[in-house]
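FYI, the numbering just counts along the sequence from 1. As the structure lists them, so they are numbered: ligands from 1, and atoms in each ligand from 1.
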Amino acid sequence: MDRIDKILASQNYGSRKQVSQIIKSGVVEVNGEVCKSISQKVNPDTDVITVDGRKIEYRQHLYIMMNKPSGVVSASSDKRDKTVIDLLPENLRRKGLFPAGRLDKDTEGLLIITDDGEFAHQMLSPAKKVYKKYFARLDKPVTEEMKEKFEKGIVFSDGTRCKTAFFEETDDSMCAFVSICEGKFHQVKKMFLVCGANVVYLKRIAIGKLQLDQNLAPGEARELENCEKHLILFV
Ligand code: URA
């Protein structure tokens, strides 16, 4: 049970102040009765709450898939640059949203944005072995040695050791798919650098068993289906 004003504010109906005005105007009903008090306690899972006759679909947390474009930063706010949160359409905005893991400013592709800290932790923790798959274009052809090094575990010049990465060749000798279960800073780019190659284009195409929706243009986002959420953590 929670206060009706708090619940409506959490579901993107406005600030607590705006929500209390909405309630006072008499358009909010709980189980068919006009709600008269902003502090009325309701159970959002079982009570039917309507605003202007429209039932609210209560969601404790939001899970959003974005096709991150190049040129925006994976942060909740930034003094200089546009963030992925700035790109969200009005209906997907809510307090507390953050990108679960970072893609570099110039990296594109699958990014999960949520307000569920526990979910993000599970997805990002290397111990959970949720692999993130990238498509990389290099400035040099892929070699057999790269594949071997990636699978053995790349070691950076400062001694940091990466876990085993999966490496797949593509039809194009300048490109490869790489899957990693960690999120070290600039990890994929640095792994290729150790092998003497620069990444000239990077796109994340999958997290766990969840693939980037091909229908999302760069910069577009949509809510995840419930089953898609499970595809991420299913290992
Ligand atoms: N590895 C990188 O180097 N950059 C990213 O954005 C993601 C993984």
Practice task
Give the intermediate values and the outcome of side-chain contact (heavy atoms from CB on, under 4.5 Å) for residues Ile56 and Val51.
Solution key: CA-CA 7 Å; Ile56 73 160; Val51 178; 3.9 Å; yes
Practice task
Carefully, step by step, assess Leu88 and Leu97 under the rule side-chain contact (heavy atoms from CB on, under 4.5 Å).
Solution key: CA-CA 10 Å; Leu88 289 176; Leu97 288 174; 3.7 Å; yes
Handout entry: Inter- and intrachain pairs under ring pair (Phe, Tyr, Trp, His ring centres under 6.0 Å), touching residues 24-65, at least two apart
Key = Tyr63-Phe119
Handout entry: Lys/Arg-Asp/Glu bridge criterion (N-O < 4.0 Å) met for Arg3, Asp5
Key = yes
Practice task
Before accepting this row, confirm whether a basic side-chain N of the pair Arg222/Glu228 lies closer than 4.0 Å to the acidic partner's carboxylate O.
Solution key: yes
Practice task
Check whether any side-chain heavy atom of Cys195 lies under 4.5 Å from a side-chain heavy atom of Glu145, and answer yes or no.
Solution key: no
Table of N or O contacts for ligand 1, cutoff 3.5 Å:
from, atom 1, to, atom 2, distance (Å)
ligand 1, 1 (N), Val188, N, 3.0
ligand 1, 3 (O), His186, O, 3.2
ligand 1, 3 (O), Gln187, N, 3.4
ligand 1, 3 (O), Val188, N, 3.3
ligand 1, 3 (O), Lys189, N, 3.0
ligand 1, 4 (N), Asp104, OD2, 2.7
ligand 1, 6 (O), Asp104, N, 2.7
ligand 1, 6 (O), Asp104, OD2, 3.4
ligand 1, 6 (O), Thr107, OG1, 2.8

